[in-house]
Number of protein chains: 2
Amino acid sequence: MDLITTTLNIEKYVLGLQQMPKSLEVVLSPALLSEVDIVGKNVVVIDILRATSTICTALHHGALGVKPVTHAEEAALLKDIGYITAAERNGEKLPGFDMGNSPFECMDGKVKDKYIALTTTNGTKCIEMTDGAANVLSGSFLNISSLANWLIDSPNDIILFCAGWKDKVNMEDTLFAGALALKLKSFVEIDCDSAQMAMQIYRNNSDRIIDFLKDSSHYKRLSRLHHEEDMIYCFQEDIMDCVPVLKNGILVAY
Amino acid sequence: MDLITTTLNIEKYVLGLQQMPKSLEVVLSPALLSEVDIVGKNVVVIDILRATSTICTALHHGALGVKPVTHAEEAALLKDIGYITAAERNGEKLPGFDMGNSPFECMDGKVKDKYIALTTTNGTKCIEMTDGAANVLSGSFLNISSLANWLIDSPNDIILFCAGWKDKVNMEDTLFAGALALKLKSFVEIDCDSAQMAMQIYRNNSDRIIDFLKDSSHYKRLSRLHHEEDMIYCFQEDIMDCVPVLKNGILVAY
């Protein structure tokens, strides 16, 4: 977050213009979501490698919206009404679809002024689990400060919801939850051990994220599939400023 | 682990006397246990504050065995056949039982040569979730090196199973999983992001555990109930050497 915005936000709080404290919790896996109450809260879905980074990139490159769908068949059906279809399973593009799940596929102009139907192994399923939330947002390093400011400006409690890998906790989503929690720390109350852990892990590794990730399970998996370029891309901070928010089942740029 | 044991274990490996690599995974909450396969593995149940620390202490102070039970009523029934009964919920001793869940209650001679029926908010429930494991052990800082050596000497894969707090991930169990994983690191293959996180969190805080824990949810909860002494006790390393192993539903000293 830039200094001016931070100062403005602190001033809002001091002047009593912003309600405090709102709470922040981190959920490290979809299997843990039922342990928290998401009703009326702002839920940030986090699937850094690569769904939520790709969603942000698509909107930045002019896509009108991204519709997350759980089943590939559902995405395929939407092709008939003009959607670009994007489908990934276990790190690979499914045959017969326009795109897989790489952010670079959104950069050649084909998503501009189009809607995308996206289905992935982890991230899109999580978006469908957020019924009852006040707002559902898609998180990525690419737009982390804009996202943080959006959350600071909203009065709602915050849940940072990591997609993980097939219900297992993973490193890259935890790192992002930690990075975002650190940006929000002065504006929220954090009584959540997962958030404390995530913040510490990010703080200790922020200057060497890619090296640190080389021991992680999904980095190894994507490396075997030659997606190193995607991974380096997804860990860049603040290269775009759109905030993807779910409206009527479609993520659109705020 | 002392230097001689470590050297002996490395020699066993180099000489091919010990099968390698066995795997190690960390499960950060009971809600995540279904994501791993525990069949035929050594499962270490971890509820540092305080069930598994108390179990180790009871056996060290001469208890013949500790039977973990899920329901308080079940513990109460065992009183009739001579068991000492111990019951805790939400950090407090339940009325009508011989003990709560404090390790200090095991030090006045009353558990010597007795069996204990123990029910707690988190830890004992987890022990009952481990059907199919080759061995179920109870983990604590108090006996960490003996436990590590036991696991190194066994050929089975290892699951470090954190009890958490009511299915939420917690700090103290994660810290212990990290400490134990670091002791086992040279003897196992670790392809598990939760284990990498736990090791890093322990490594960064091992010289200031109590200070670090002051931000954690369960430390605050137990502090409100005046259990600081218990917490300081539970973070002492290697003050006893028994290894609690489940035999016919009862944890006994190996």
Side-chain angles (χ1 to χ4, degrees), chain A residues 23 25-37 48-49 122 159-160 162-178 181 185 189-206 208 211-221 223-224, chain B residues 23 25-37 48-49 122 159-160 162-178 181 185 189-206 208 211-221 223-224:
Chain A
S23 72
E25 283 180 277
V26 169
V27 174
L28 293 175
S29 149
L32 297 167
L33 189 67
S34 61
E35 309 315 318
V36 299
D37 178 15
I48 295 301
L49 296 175
N122 303 291
I159 304 280
L160 307 186
C162 300
W165 179 261
K166 297 183 178 177
D167 279 350
K168 286 194 181 185
V169 173
N170 80 12
M171 190 65 87
E172 66 275 13
D173 297 342
T174 306
L175 275 167
F176 177 77
K185 204 169 174 275
E189 189 177 76
I190 301 183
D191 185 20
C192 166
D193 287 6
S194 298
Q196 300 292 355
M197 286 179 209
M199 286 191 289
Q200 176 157 124
I201 287 182
Y202 179 73
R203 206 188 283 119
N204 290 339
N205 300 287
S206 58
R208 52 172 208 112
D211 274 348
F212 176 60
L213 274 176
K214 284 181 177 161
D215 274 339
S216 76
S217 53
H218 198 41
Y219 192 98
K220 290 179 197 164
R221 191 179 299 114
S223 286
R224 284 192 294 270
Chain B
S23 72
E25 283 180 276
V26 169
V27 175
L28 293 174
S29 149
L32 298 166
L33 189 68
S34 62
E35 309 316 319
V36 300
D37 177 16
I48 295 302
L49 296 174
N122 304 291
I159 305 281
L160 307 185
C162 300
W165 179 261
K166 297 182 178 178
D167 280 350
K168 286 195 180 183
V169 173
N170 80 12
M171 191 63 89
E172 66 275 13
D173 296 342
T174 306
L175 276 167
F176 177 77
K185 203 169 175 275
E189 189 176 77
I190 302 182
D191 185 21
C192 166
D193 287 6
S194 298
Q196 301 292 354
M197 286 179 209
M199 287 191 289
Q200 175 156 126
I201 286 182
Y202 178 75
R203 207 189 283 119
N204 290 339
N205 300 288
S206 58
R208 52 172 209 113
D211 274 349
F212 177 60
L213 275 175
K214 285 180 177 162
D215 274 340
S216 76
S217 53
H218 198 40
Y219 193 98
K220 290 180 197 162
R221 191 178 299 116
S223 287
R224 285 192 292 271

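Just so we're on the same page: letters track the sequence lines, and every chain starts at 1.
With a 4.5 angstrom heavy-atom cutoff, A:L28 touches chain B only via side-chain atoms. Residue A:V27 does not touch chain B at all, counting heavy-atom pairs closer than 4.5 Å. Of the two parts of A:K166, only the backbone, made up of N, CA, C and O, holds a non-hydrogen atom closer than 4.5 Å to a non-hydrogen atom of chain B. For A:S216, the parts lying under 4.5 angstrom from a heavy atom of chain B are both the backbone and the side chain. For a residue to count as touching a neighbouring chain, one of its non-hydrogen atoms must lie under 4.5 Å from one of that chain's; by this rule B:S217 touches chain A with backbone and side chain alike.
For A:K185, there are no side-chain hydrogen bond (donor to acceptor under 3.5 Å, both in side chains) partners two or more places apart in sequence or in a different chain. Contacts of B:Y219 classified as side-chain hydrogen bond (donor to acceptor under 3.5 Å, both in side chains), with partners at least two apart in sequence or in another chain: none.
The most heavy-atom pairs under 4.5 Å with chain B, out of A:T174, A:L32, A:V26, A:V36, come from A:L32.
A:L213 has its side chain within reach of A:L175: a pair of non-hydrogen atoms, C-beta onward, lies under 4.5 Å apart.
Between A:E25 atom CD and A:E189 atom CD the span is 10.5 Å, to the nearest 0.5 Å.
A salt bridge links A:D191 and B:K220; the closest N-O separation between the charged side-chain nitrogens and carboxylate oxygens is under 4.0 Å.
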